[in-house]
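What follows is a single structure, written as C-alpha coordinates, with notes after it.
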Amino acid sequence: MSVRELVVLGTASQVPTRHRNHNGYLLRWDGEGILFDPGEGTQRQMLRAGVAAHDLNRICVTHFHGDHSLGLAGVIQRINLDQVPHEITAHYPRSGQRFFERLRYATAYRETVTLTEAPVDTDGALALTPAYTLDARRLSHPVESYGYRLTEPDGRRMLPDRLAAHGIKGPDVGRVQREGSLNGVPLDEVSEVRRGQRFAFVMDTRLCEGVHALAEGCDLLVIESTFLDEDETLATDHGHLTAGQAARVARDAGVRHLVLTHFSQRYSDPEEFERQARAAGYAGELTVARDLTRVPVPKRR
(Lines give C-alpha, C1' and ligand atoms only; values in the text may rest on other atoms or scores of the structure.)
Protein backbone atom coordinates (compact mmCIF):
# COMPACT_ATOMS: atom_id res chain seq x y z
CA MET A 1 0.00 0.00 0.00
CA SER A 2 1.45 3.36 -1.01
CA VAL A 3 2.02 5.96 1.71
CA ARG A 4 2.77 9.61 1.19
CA GLU A 5 3.44 11.49 4.38
CA LEU A 6 5.88 13.73 6.19
CA VAL A 7 7.35 12.43 9.43
CA VAL A 8 8.64 15.33 11.53
CA LEU A 9 11.68 14.29 13.55
CA GLY A 10 12.70 17.70 14.93
CA THR A 11 11.52 21.31 14.80
CA ALA A 12 14.09 23.44 16.66
CA SER A 13 16.32 26.11 15.16
CA GLN A 14 19.96 26.58 16.25
CA VAL A 15 19.64 24.79 19.60
CA PRO A 16 17.32 22.00 20.76
CA THR A 17 14.94 22.56 23.66
CA ARG A 18 13.24 20.25 26.14
CA HIS A 19 10.39 19.78 23.67
CA ARG A 20 12.09 20.26 20.29
CA ASN A 21 14.86 18.21 18.78
CA HIS A 22 17.16 19.61 16.14
CA ASN A 23 15.81 19.46 12.57
CA GLY A 24 14.97 16.25 10.77
CA TYR A 25 12.18 15.42 8.31
CA LEU A 26 11.41 12.20 6.46
CA LEU A 27 9.19 12.27 3.39
CA ARG A 28 7.65 8.88 2.67
CA TRP A 29 6.75 8.78 -1.01
CA ASP A 30 5.25 5.41 -1.86
CA GLY A 31 8.17 3.00 -1.53
CA GLU A 32 10.89 5.64 -1.07
CA GLY A 33 12.10 7.69 1.87
CA ILE A 34 13.82 11.06 1.57
CA LEU A 35 15.49 12.40 4.70
CA PHE A 36 15.85 16.19 4.85
CA ASP A 37 18.29 18.11 7.07
CA PRO A 38 19.30 15.53 9.70
CA GLY A 39 20.35 17.58 12.70
CA GLU A 40 21.88 16.27 15.90
CA GLY A 41 19.78 13.53 17.47
CA THR A 42 18.09 12.47 14.23
CA GLN A 43 19.06 8.81 14.66
CA ARG A 44 17.27 8.64 18.03
CA GLN A 45 14.24 10.50 16.69
CA MET A 46 14.01 8.00 13.84
CA LEU A 47 13.82 5.25 16.43
CA ARG A 48 11.06 7.06 18.32
CA ALA A 49 9.11 7.64 15.09
CA GLY A 50 9.45 4.05 13.87
CA VAL A 51 11.69 5.01 10.95
CA ALA A 52 14.38 2.48 10.03
CA ALA A 53 17.63 3.04 8.19
CA HIS A 54 16.26 0.73 5.49
CA ASP A 55 13.51 3.31 4.84
CA LEU A 56 16.02 5.83 3.45
CA ASN A 57 16.76 6.25 -0.25
CA ARG A 58 17.95 9.85 -0.38
CA ILE A 59 19.37 12.41 2.03
CA CYS A 60 18.90 16.09 1.16
CA VAL A 61 20.82 18.74 3.11
CA THR A 62 19.85 22.37 2.53
CA HIS A 63 23.03 23.86 4.04
CA PHE A 64 25.83 23.15 6.48
CA HIS A 65 24.79 24.84 9.67
CA GLY A 66 24.94 22.35 12.53
CA ASP A 67 21.22 22.20 13.32
CA HIS A 68 20.64 20.93 9.78
CA SER A 69 23.57 18.57 9.33
CA LEU A 70 25.29 17.38 12.52
CA GLY A 71 23.14 14.26 12.53
CA LEU A 72 24.64 13.12 9.23
CA ALA A 73 27.49 11.29 10.93
CA GLY A 74 25.18 9.11 13.00
CA VAL A 75 22.70 8.49 10.18
CA ILE A 76 25.44 7.47 7.74
CA GLN A 77 27.04 5.14 10.23
CA ARG A 78 23.63 3.64 11.05
CA ILE A 79 22.81 2.82 7.43
CA ASN A 80 26.16 1.03 7.24
CA LEU A 81 25.69 -0.76 10.56
CA ASP A 82 22.28 -2.00 9.39
CA GLN A 83 23.72 -2.93 5.98
CA VAL A 84 21.01 -1.23 3.96
CA PRO A 85 20.88 -3.28 0.73
CA HIS A 86 20.13 -0.46 -1.71
CA GLU A 87 22.02 2.63 -2.88
CA ILE A 88 21.45 5.87 -0.99
CA THR A 89 22.06 9.21 -2.68
CA ALA A 90 23.09 12.34 -0.77
CA HIS A 91 22.39 15.84 -2.10
CA TYR A 92 23.98 18.92 -0.48
CA PRO A 93 25.59 22.23 -1.53
CA ARG A 94 28.84 21.57 -3.34
CA SER A 95 30.45 24.45 -1.45
CA GLY A 96 30.07 22.33 1.69
CA GLN A 97 31.87 19.28 0.31
CA ARG A 98 34.52 19.46 3.02
CA PHE A 99 31.84 19.47 5.73
CA PHE A 100 30.08 16.49 4.18
CA GLU A 101 33.31 14.53 4.03
CA ARG A 102 34.15 15.36 7.65
CA LEU A 103 30.72 14.21 8.78
CA ARG A 104 30.77 11.10 6.60
CA TYR A 105 34.12 10.04 8.06
CA ALA A 106 33.81 11.59 11.51
CA THR A 107 34.90 8.33 13.17
CA ALA A 108 36.01 4.86 12.15
CA TYR A 109 33.36 2.40 10.96
CA ARG A 110 32.94 -0.31 8.36
CA GLU A 111 31.40 0.88 5.09
CA THR A 112 28.87 -1.61 3.75
CA VAL A 113 26.50 0.63 1.80
CA THR A 114 26.75 2.42 -1.55
CA LEU A 115 26.37 6.08 -0.61
CA THR A 116 26.47 8.19 -3.76
CA GLU A 117 27.47 11.83 -3.34
CA ALA A 118 25.49 14.14 -5.63
CA PRO A 119 26.36 17.73 -4.65
CA VAL A 120 24.27 20.67 -5.82
CA ASP A 121 25.75 23.81 -7.34
CA THR A 122 22.98 25.25 -9.51
CA ASP A 123 19.21 25.45 -9.85
CA GLY A 124 17.56 22.57 -11.68
CA ALA A 125 16.77 18.87 -11.72
CA LEU A 126 18.76 16.54 -9.47
CA ALA A 127 16.96 13.27 -10.13
CA LEU A 128 14.34 11.96 -12.53
CA THR A 129 12.54 8.76 -11.56
CA PRO A 130 9.24 7.23 -12.73
CA ALA A 131 7.67 8.43 -9.47
CA TYR A 132 8.99 12.01 -9.29
CA THR A 133 11.42 14.69 -10.38
CA LEU A 134 13.59 16.20 -7.64
CA ASP A 135 14.68 19.81 -8.18
CA ALA A 136 16.77 22.30 -6.21
CA ARG A 137 16.58 26.09 -6.01
CA ARG A 138 19.07 28.49 -4.45
CA LEU A 139 17.91 30.30 -1.32
CA SER A 140 19.17 33.40 0.52
CA HIS A 141 21.11 32.64 3.71
CA PRO A 142 24.54 33.65 5.10
CA VAL A 143 25.91 30.30 3.83
CA GLU A 144 25.00 28.66 0.53
CA SER A 145 21.60 27.03 0.90
CA TYR A 146 19.23 25.16 -1.42
CA GLY A 147 15.58 24.20 -1.12
CA TYR A 148 14.17 21.04 -2.66
CA ARG A 149 11.00 20.30 -4.63
CA LEU A 150 9.50 16.96 -5.59
CA THR A 151 7.04 16.81 -8.50
CA GLU A 152 5.05 13.76 -9.53
CA PRO A 153 4.41 13.38 -13.29
CA ASP A 154 0.89 14.16 -14.41
CA GLY A 155 -1.28 11.12 -15.06
CA ARG A 156 -4.74 10.41 -16.48
CA ARG A 157 -8.05 10.04 -14.67
CA MET A 158 -10.57 7.84 -16.48
CA LEU A 159 -14.11 9.26 -16.74
CA PRO A 160 -16.79 6.56 -16.20
CA ASP A 161 -19.55 8.45 -17.99
CA ARG A 162 -17.40 8.99 -21.10
CA LEU A 163 -16.27 5.36 -21.06
CA ALA A 164 -19.87 4.19 -20.82
CA ALA A 165 -20.95 6.49 -23.67
CA HIS A 166 -18.39 4.82 -25.92
CA GLY A 167 -19.15 1.32 -24.68
CA ILE A 168 -15.68 0.86 -23.18
CA LYS A 169 -15.63 -1.40 -20.16
CA GLY A 170 -13.74 -4.23 -18.47
CA PRO A 171 -10.29 -5.03 -19.94
CA ASP A 172 -10.84 -2.47 -22.69
CA VAL A 173 -10.37 0.33 -20.15
CA GLY A 174 -6.82 -0.83 -19.57
CA ARG A 175 -6.24 -1.17 -23.32
CA VAL A 176 -7.23 2.39 -24.11
CA GLN A 177 -4.96 3.59 -21.28
CA ARG A 178 -1.98 1.61 -22.57
CA GLU A 179 -2.49 2.11 -26.30
CA GLY A 180 -3.82 5.68 -26.36
CA SER A 181 -6.93 4.83 -28.37
CA LEU A 182 -9.43 2.03 -28.92
CA ASN A 183 -11.67 1.50 -31.96
CA GLY A 184 -11.10 5.08 -33.02
CA VAL A 185 -11.80 6.55 -29.56
CA PRO A 186 -8.77 8.54 -28.32
CA LEU A 187 -7.70 8.43 -24.68
CA ASP A 188 -8.35 12.18 -24.37
CA GLU A 189 -12.01 11.56 -25.14
CA VAL A 190 -12.56 9.29 -22.11
CA SER A 191 -10.13 10.74 -19.57
CA GLU A 192 -8.69 13.95 -18.19
CA VAL A 193 -5.31 15.04 -16.86
CA ARG A 194 -4.68 14.06 -13.24
CA ARG A 195 -2.28 16.62 -11.87
CA GLY A 196 0.78 15.14 -10.18
CA GLN A 197 1.33 15.93 -6.51
CA ARG A 198 3.99 18.45 -5.46
CA PHE A 199 6.04 18.80 -2.30
CA ALA A 200 8.62 21.42 -1.33
CA PHE A 201 11.09 21.79 1.51
CA VAL A 202 12.26 25.33 2.27
CA MET A 203 14.62 25.94 5.16
CA ASP A 204 16.87 28.78 6.30
CA THR A 205 16.31 31.70 3.94
CA ARG A 206 15.12 35.24 3.52
CA LEU A 207 12.36 35.96 1.03
CA CYS A 208 13.79 35.42 -2.45
CA GLU A 209 12.84 34.16 -5.89
CA GLY A 210 13.78 30.61 -4.95
CA VAL A 211 11.27 30.50 -2.10
CA HIS A 212 8.38 31.43 -4.38
CA ALA A 213 9.47 29.06 -7.15
CA LEU A 214 9.69 26.12 -4.76
CA ALA A 215 6.30 26.82 -3.17
CA GLU A 216 4.32 27.36 -6.38
CA GLY A 217 1.29 25.06 -6.56
CA CYS A 218 2.46 22.71 -3.80
CA ASP A 219 0.17 20.19 -2.20
CA LEU A 220 2.44 20.14 0.87
CA LEU A 221 4.95 22.88 1.72
CA VAL A 222 7.36 22.53 4.65
CA ILE A 223 8.84 25.95 5.36
CA GLU A 224 10.81 27.58 8.12
CA SER A 225 9.20 30.25 10.28
CA THR A 226 11.97 30.86 12.74
CA PHE A 227 10.61 34.19 13.98
CA LEU A 228 7.29 35.85 14.72
CA ASP A 229 6.35 38.93 12.72
CA GLU A 230 7.38 41.45 15.37
CA ASP A 231 10.97 40.24 14.89
CA GLU A 232 11.00 40.60 11.10
CA THR A 233 14.12 42.80 11.13
CA LEU A 234 15.96 40.18 13.13
CA ALA A 235 14.75 37.50 10.72
CA THR A 236 16.04 39.38 7.69
CA ASP A 237 19.39 40.12 9.33
CA HIS A 238 19.96 36.42 10.07
CA GLY A 239 18.55 35.06 6.82
CA HIS A 240 15.24 33.69 8.05
CA LEU A 241 11.47 34.00 7.61
CA THR A 242 8.66 34.99 9.96
CA ALA A 243 5.37 33.14 10.34
CA GLY A 244 3.55 35.83 8.39
CA GLN A 245 6.09 35.85 5.55
CA ALA A 246 5.93 32.07 5.21
CA ALA A 247 2.13 32.14 5.22
CA ARG A 248 1.96 34.84 2.54
CA VAL A 249 4.29 32.79 0.36
CA ALA A 250 1.95 29.81 0.77
CA ARG A 251 -1.15 31.94 0.17
CA ASP A 252 0.19 33.46 -3.05
CA ALA A 253 1.50 30.10 -4.30
CA GLY A 254 -1.82 28.29 -3.80
CA VAL A 255 -0.37 25.81 -1.30
CA ARG A 256 -2.93 23.29 -0.06
CA HIS A 257 -1.24 22.27 3.23
CA LEU A 258 1.31 24.48 4.95
CA VAL A 259 3.71 23.09 7.57
CA LEU A 260 5.52 25.70 9.66
CA THR A 261 8.66 24.60 11.51
CA HIS A 262 12.21 25.57 12.65
CA PHE A 263 11.17 27.69 15.62
CA SER A 264 13.45 29.91 17.66
CA GLN A 265 13.87 28.95 21.30
CA ARG A 266 12.78 32.47 22.28
CA TYR A 267 9.11 31.58 21.71
CA SER A 268 7.14 29.37 24.10
CA ASP A 269 3.66 29.55 22.54
CA PRO A 270 3.47 27.62 19.23
CA GLU A 271 -0.14 28.73 18.73
CA GLU A 272 1.09 32.26 18.04
CA PHE A 273 2.69 31.02 14.81
CA GLU A 274 -0.72 29.74 13.67
CA ARG A 275 -2.44 32.99 14.64
CA GLN A 276 0.04 35.06 12.65
CA ALA A 277 -0.15 32.73 9.66
CA ARG A 278 -3.93 33.05 9.58
CA ALA A 279 -3.70 36.81 10.04
CA ALA A 280 -1.47 36.90 6.95
CA GLY A 281 -4.33 35.46 4.91
CA TYR A 282 -3.45 31.80 4.53
CA ALA A 283 -6.73 29.86 4.50
CA GLY A 284 -5.57 26.35 3.59
CA GLU A 285 -4.75 23.45 5.85
CA LEU A 286 -2.11 24.45 8.39
CA THR A 287 0.16 22.49 10.72
CA VAL A 288 2.47 24.08 13.26
CA ALA A 289 4.90 21.18 13.44
CA ARG A 290 5.75 19.36 16.63
CA ASP A 291 8.35 16.64 17.00
CA LEU A 292 7.10 13.23 15.83
CA THR A 293 4.10 14.73 14.03
CA ARG A 294 2.96 12.85 10.92
CA VAL A 295 1.47 14.96 8.14
CA PRO A 296 -0.20 13.17 5.20
CA VAL A 297 0.24 14.56 1.70
CA PRO A 298 -3.22 15.84 0.70
CA LYS A 299 -5.25 13.57 -1.54
CA ARG A 300 -5.32 14.46 -5.20
CA ARG A 301 -7.90 17.00 -6.22
Does atom NE2 of H212 have more than 12 heavy-atom neighbours from other groups under 6.0 Å away? yes
Any side-chain donor-acceptor pair under 3.5 Å between E87 and T116? yes
Please determine, by modelled atom types, if Q77 and T107 share a side-chain donor-acceptor pair under 3.5 angstrom. yes
Does atom CD (Q14) have a neighbourhood of more than 12 heavy atoms from anything else shown, all under 6.0 Å? no
If you define the side chain from C-beta out and look only at heavy atoms, does anything of R278 sit under 4.5 Å from L286? yes
Could you tell me whether the side chain of D55 and the main chain of G33 form a donor-acceptor pair under 3.5 Å? no
Backbone N or O of T205 within a donor-acceptor pair of the E224 side chain at under 3.5 Å? yes
Quick one: sort the F273 and F263 rings into parallel, tilted or perpendicular, breaks at 30° and 60°. tilted
Sidechain-backbone polar pair: N57 side chain, I88 backbone, donor-acceptor under 3.5 Å: no
Go through the steps to decide whether E209 and R137 satisfy the test salt bridge (charged side-chain N to carboxylate O under 4.0 Å, His left out), and finish with yes or no. CA-CA 9 Å; E209 182 181 347; R137 291 296 296 259; 3.7 Å; yes
Is a donor on one side and an acceptor on the other found under 3.5 Å between the side chain of D135 and the backbone of L150? no
Test side chain to side chain contact (heavy atoms under 4.5 Å, CB included) on H22 and T42; report intermediate values, then the result. CA-CA 7 Å; H22 266 163; T42 292; over 6 Å; no
With hydrophobic residues grouped by side-chain heavy-atom distances under 4.5 Å, do V113 and Y105 end up in a single group? yes
May I ask you to check whether over 12 heavy atoms, not counting those of Q245, lie within 6.0 Å of atom CD? yes
Test of understanding: clusters of I, L, V, M, F, W, Y form through side-chain heavy atoms closer than 4.5 Å, transitively. Do L207 and V255 belong to the same one? yes
Distance only, no hydrogens: is a donor on one side chain within 3.5 Å (strictly under) of an acceptor on the other, for R48 and Q45? yes
Let's go through H257 and V295 carefully: what are the C-alpha distance in whole Å and the side-chain angles of both, what is the deciding distance for side chain to side chain contact (heavy atoms under 4.5 Å, CB included) to 0.1 Å, and is it a yes or a no? CA-CA 9 Å; H257 192 148; V295 183; 3.5 Å; yes
D121 backbone acceptor or donor facing Y146 side chain under 3.5 Å: yes
Please report the C-alpha distance between Y148 and F201 in whole Å, then the side-chain angles of each, then the deciding distance to 0.1 Å, and finally whether the ring pair (Phe, Tyr, Trp, His ring centres under 6.0 Å) criterion is met. CA-CA 5 Å; Y148 297 94; F201 185 80; 7.4 Å; no
Using 30° and 60° as the class limits, which term best fits the ring planes of H240 and H141: parallel, tilted or perpendicular? perpendicular
Checking R162 side chain against H166 main chain: does a donor-acceptor pair fall under 3.5 Å? no
Answer yes or no: is there a side-chain heavy-atom contact under 4.5 Å between I76 and N80? yes
Can you confirm whether more than 12 heavy atoms, excluding those of R290, are under 6.0 Å from its CZ atom? no
Determine, step by step, whether E272 and R275 satisfy the salt bridge (charged side-chain N to carboxylate O under 4.0 Å, His left out) criterion, reporting the C-alpha distance in whole Å, the side-chain angles of both residues, the deciding distance to 0.1 Å, and the verdict. CA-CA 5 Å; E272 185 60 24; R275 286 191 286 270; 2.7 Å; yes
Look only at the side chain of H238 and the backbone of T233, and say whether a donor-acceptor pair between them is shorter than 3.5 Å. no
Using the side chain to side chain contact (heavy atoms under 4.5 Å, CB included) rule, take L228 and Y267 through it: C-alpha gap first, then chi angles, then the decisive distance, then the call. CA-CA 8 Å; L228 293 174; Y267 308 116; 3.5 Å; yes
Taking the side chain from D67 and the backbone from G39, do they hold a donor-acceptor pair closer than 3.5 Å? no
We want to know whether Q276 and E230 form a side-chain donor-acceptor pair, criterion being a heavy-atom distance below 3.5 angstrom. yes
Atom pair CZ (R104) and CD (E117), whose distance is rounded to the nearest 0.5 Å: 4.5 Å
Is there a chain of hydrophobic side chains (I, L, V, M, F, W, Y, each step under 4.5 Å between heavy atoms) that links L27 to V120? yes
Cluster overlap L139 with V61, hydrophobic side-chain contacts below 4.5 Å: no
Donor + acceptor pair across side chains of Q197, Y132 (<3.5 Å): no
Could you tell me whether a side-chain N or O of D154 sits under 3.5 Å from a main-chain N or O of V193, the two making a donor and an acceptor? no
Check the pair V202, V222 against side chain to side chain contact (heavy atoms under 4.5 Å, CB included), reporting the backbone distance first and the verdict last. CA-CA 6 Å; V202 179; V222 181; over 6 Å; no
Is a donor from one side chain sitting under 3.5 angstrom from an acceptor on the other, for Y25 and T261? yes
Rounded to the nearest 0.5 Å, how far apart are CD of E216 and CG of L221? 11.0 Å
I would like to know whether R138 and E144 meet salt bridge (charged side-chain N to carboxylate O under 4.0 Å, His left out); could you show each step before the answer? CA-CA 8 Å; R138 181 75 180 265; E144 187 176 26; 3.5 Å; yes
To the nearest 0.5 Å, atom OH of Y92 lies from atom CG of L103 at 11.0 Å
Find the distance between CZ (R58) and CH2 (W29) and round it off to the nearest 0.5 Å. 13.5 Å
To the nearest 0.5 Å, how far apart are CG in L182 and CG in D172? 5.0 Å
For the atom pair CZ (F227) and OG (S264), what is the distance rounded to the nearest 0.5 Å? 5.5 Å
Test of understanding: clusters of I, L, V, M, F, W, Y form through side-chain heavy atoms closer than 4.5 Å, transitively. Do V51 and L35 belong to the same one? yes
Tell me if the CG atom of D161 is crowded by more than 12 foreign heavy atoms within 6.0 Å. yes
Whether the E232 and T242 side chains hold a donor-acceptor pair (N or O, under 3.5 Å, no angle test) is what I'd like checked. no
Take the angle between the ring planes of H65 and H63 and call it parallel below 30°, perpendicular above 60°, tilted in between. perpendicular
With D219, which of R4, R195, R149 fulfils salt bridge (charged side-chain N to carboxylate O under 4.0 Å, His left out)? R195
Do H68 and D204 get their side chains close enough for a donor-acceptor pair, meaning under 3.5 Å? yes
Do any N or O atoms from the side chain of D82 and from the backbone of A53 form a donor-acceptor pair under 3.5 angstrom? no
